[in-house]
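The structure appears right after this line, and notes come after that.
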Amino acid sequence: MRKKAILITGAAGEIGQALIDALAERTATAILTLDLQMLPPEQMRRVTHIQGDILDKTLLSRLVSEYELETIYHLAALLSTRSEFTPEAAHRVNVEGTLSLLQLAAEQSEWRGQPVKFIFPSSIAAYGLPDLQTKMDYSRVREWEWNYPRTMYGCNKLYCEQLGTYFSRYYRQLAAERPVMLDFRCLRFPGLISAFTVPSGGTSDYGPEMLHHAAQNKPYACFVREDVQIPFMAMPDAVKSLLMLTQAPAEALKRPIYNVTAFSLTAAEFRNWVLRFFPQAQITFVPDVKRQGIVDSWPADLDDSAARREWGWEPDYTVERSFAEYLVPNIQQRYQG
Ligand code: SER
């Protein structure tokens with residue numbers, strides 16, 4: 001008998017660590033985690049962790065021989081800035097890694113006669129607006145608008161959204177008998193901000209970096225202009241949206257891909273929120289033209305009305321609540337501790 005399990009790839013990353021805690025509290029099903037890195041010791045106790053590479057096919061086949069995967073949270077990815085330095089490696093991890101896992105989920109769905117839920121986080125990076133005027137004119141983009149990413153990471157996410165949709169609707173469409181197909185569900189996240197972890201290799205990182213530097217009394221030079229605006233969300237809402245989408249009845253979902261967001265801020269507004277709680281913070285703006293270009297191409301806001309309408313999405317944390325109740329108290333404790 002194979003043991004039923006939930007698999008989280010990229011589990012040691014920011015979303016992964018937050019998701020492990022939330023899932024461990026809610027489910028009796030075994031949680032299997034995969035990452036190149038180890039997890040913090042308190043999380044190692046809550047899961048079965050495999051330290052390994054998503055591109056290791058032998059490892060993946062061993063997993064399926066031992067476990068019946070009910071749900072897969074495929075979080076493993078190289079983020080946008082890092083991907084620009086090693087685009088081919090990013091393609092391998094972000095695309096080939098996703099393809100292997102989709103194949104694995106397709107086989108599992110067929111074998112168990114029930115769809116495996118495949119939950120995939122995508123990103124604002126799947127959008128690409130050509131210039132600042134267009135960014136102003138189309139400030140709240142809908143899922144099907146401006147899908148012209150200008151980063152390797154964005155291209156990878158956009159393609160994998162399509163790949164997942166293909167596997168859930170058309171995979172082996174010419175076979176004599178159609179197999180049970182996987183159930184692919186995807187969220188496009190804004191920039192995420194966690195109190196417990198610091199992002200690495202992303203381009204929306206300037207927000208969380210401002211805050212974490214301020215809490216440690218370290219000066220911070222923000223790498224984008226003050227006026228640039230993108231959407232953000234606190235990590236508990238990211239986890240909430242992942243869990244809500246997983247739980248949503250299949251009949252309610254009219255599309256495979258949903259925007260979700262909480263609030264939009266310019267970099268100057270972000271600094272003002274940080275200053276409100278850390279008045280001594282030293283934040284300057286020293287734009288890096290290249291990273292600035294990437295953020296300029298991302299939408300100022302996301303239209304998440306489809307998620308609200310179809311599965312009741314609503315963030316818990318406004319900007320005020322995010323700072324006052326989640327970010328600042330936890331970050332202070334983290335660095336004082
Ligand atoms: N936070 C991600 C990045 O900056 C975007 O999804 O790469």
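Whatever order the structure lists them in is the order used to number ligands and atoms, beginning at 1. Heavy atoms only: backbone and side chains are in, while hydrogens, waters and symmetry mates are out.
Contact of the Phe270 side chain with the Phe323 side chain is registered, since non-hydrogen atoms from C-beta on lie closer than 4.5 Å.
A centroid separation of 6.0 Å or more is found between the aromatic rings of Trp313 and Tyr258.
Ranking the protein heavy atoms by distance from atom 3 (C) of ligand 1 puts Ser80 OG, 3.2 Å first. The closest protein non-hydrogen atom to atom 4 (O) of ligand 1 is Thr203 N, 2.5 Å.
Note: Phe120 and Phe118 have tilted aromatic rings, judged against thresholds of 30 and 60 degrees for the angle between ring planes.
A salt bridge is defined here as a Lys NZ or Arg NE, NH1 or NH2 lying under 4.0 Å from an Asp or Glu carboxylate O, and Arg92 with Glu96 fails to meet this definition.
For ligand 1, the atoms lying closer than 4.0 Å to a non-hydrogen atom of Ser123 are 5 (C), 6 (O).
Contact annotation: for Tyr206 versus ligand 1, there are no heavy atoms closer than 4.0 Å. Residue contacts with ligand 1 for Tyr153 involve side-chain atoms from C-beta outward but no N, CA, C or O (heavy atoms, distance under 4.0 Å).
For the residue pair Tyr206/Arg291, the side-chain donor-acceptor check at 3.5 Å is not satisfied.
Of all the listed residues (Ser204, Gly191, Gly202), Ser204 holds the heavy atom that lies closest to atom 1 (N) of ligand 1.
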